[in-house]
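I am attaching a structure below and will ask some questions about it afterwards.
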Amino acid sequence: MPGMAYDEQLADRIRDALGPDLPQMTEKKMFGGLAFLLGGNMTVAATRNGGMMVRVAPEEADSMIDGEYITPMTMGGREMRNWLRITPDLLTDDNTLTEWIARALRFARTLPTK
């Protein structure tokens, strides 16, 4: 769809996967995508390039990176170590999408509210 900033179908799937957590989330357009925040902390986002950005525990991030479907997020030329980019190819399955969102929520719940 022309002019679409992010994958709206993916955003809807994220909302569905959040299920009972959805009322606690805030949606905010950021970086050309749609971010979902818990307590003011960005947790996951449908990105403008397709796919999803996920925030995970820094100590777990390196072991999750496979270089093909899961890569470190780069913002402003800087690699963000606990922000991962998940390609659309990996998110075709709802169970996989739900698992990544659960990882992000687990980490977000350890952060102080902003």
Side-chain angles (χ1 to χ4, degrees):
M1 202 182 250
M4 195 166 67
Y6 55 88
D7 184 338
E8 291 184 28
Q9 279 185 316
L10 177 59
D12 285 338
R13 289 178 61 215
I14 291 170
R15 286 184 196 102
D16 289 344
L18 284 165
D21 291 302
L22 187 59
Q24 301 162 36
M25 305 299 288
T26 307
E27 293 182 19
K28 188 174 183 181
K29 290 183 179 175
M30 299 172 82
F31 314 114
L34 182 66
F36 294 83
L37 296 86
L38 180 66
N41 293 293
M42 198 162 140
T43 305
V44 297
T47 64
R48 68 170 173 250
N49 305 322
M52 186 166 72
M53 186 166 60
V54 180
R55 188 176 189 186
V56 296
E59 62 275 8
E60 295 175 9
D62 287 344
S63 66
M64 295 176 180
I65 295 167
D66 68 6
E68 184 178 354
Y69 299 107
I70 306 158
T71 55
M73 199 68 202
T74 304
M75 290 176 147
R78 220 176 96 218
E79 196 174 275
M80 312 294 282
R81 290 311 295 174
N82 66 316
W83 287 95
L84 303 178
R85 182 182 186 303
I86 314 297
T87 65
D89 295 339
L90 193 64
L91 300 172
T92 56
D93 174 275
D94 285 339
N95 288 334
T96 303
L97 177 74
T98 301
E99 285 171 22
W100 280 105
I101 290 171
R103 285 183 185 116
L105 284 171
R106 266 195 308 277
F107 179 63
R109 286 189 178 104
T110 69
L111 300 170
T113 300
K114 287 187 175 179

How far apart are the closest heavy atoms of Pro112 and Asn41, and which atoms are they?
-> O-ND2, 2.9 Å

With rounding to the nearest 0.5 Å, note down the distance linking CD in Glu68 to CG in Leu90.
-> 9.5 Å

Show the numbers, then the answer: is there a side-chain contact (heavy atoms from CB on, under 4.5 Å) between Met64 and Trp100?
-> CA-CA 11 Å; Met64 295 176 180; Trp100 280 105; 3.6 Å; yes

Do Met53 and Met42 come within less than 4.5 Å of each other through their side chains, counting heavy atoms only?
-> yes

Separation between OG1 of Thr74 and CH2 of Trp83, rounded to the nearest 0.5 Å | 13.5 Å

Distance-only donor-acceptor hits, side chain of residues 15-24, under 3.5 Å, sequence neighbours excluded:
from: Arg15; atom 1: NE; to: Glu27; atom 2: OE2; distance (Å): 2.7
from: Arg15; atom 1: NH1; to: Asp12; atom 2: OD1; distance (Å): 2.5
from: Arg15; atom 1: NH2; to: Glu27; atom 2: OE1; distance (Å): 2.9
from: Asp21; atom 1: OD1; to: Arg109; atom 2: NH2; distance (Å): 2.5
from: Asp21; atom 1: OD2; to: Arg109; atom 2: NH2; distance (Å): 3.4

Value rounded to 0.5 Å, distance of CE in Met52 from OG1 in Thr47 |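 Going from CE on Met52 over to OG1 on Thr47, the span is 9.5 Å.
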
Of all residues at least two apart in sequence or in a different chain, which pass the salt bridge (charged side-chain N to carboxylate O under 4.0 Å, His left out) check with Asp62?
-> Arg81

To the nearest 0.5 Å, tell me how far Thr98 OG1 sits from Leu91 CG.
->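 Here the rounded value is 10.0 Å.
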
Go through the structure and list residues passing side chain to side chain donor-acceptor pair (under 3.5 Å) with Arg13, not counting sequence neighbours.
-> Asp94

Check the pair Lys114, Leu37 against side-chain contact (heavy atoms from CB on, under 4.5 Å), reporting the backbone distance first and the verdict last.
-> CA-CA 10 Å; Lys114 287 187 175 179; Leu37 296 86; over 6 Å; no

Leu97 and side chain to side chain contact (heavy atoms under 4.5 Å, CB included): which partner among Val44, Ile86, Leu10?
->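 Result for side chain to side chain contact (heavy atoms under 4.5 Å, CB included) with Leu97: Leu10.
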
Heavy atoms, side chains only, cut-off 4.5 Å: are Phe36 and Ile101 in contact?
-> no

What heavy-atom pair brings Ile65 and Pro72 nearest, and what distance separates the two atoms?
-> CD1-CG, 3.6 Å

From Thr87 atom OG1 to Ile70 atom CD1, the distance as rounded to the nearest 0.5 Å =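 Here the rounded value is 8.0 Å.
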
Hey, any chance Leu105 and Met73 share a hydrophobic cluster, counting ILVMFWY side chains that come within less than 4.5 Å of each other, even indirectly?
->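 No.
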
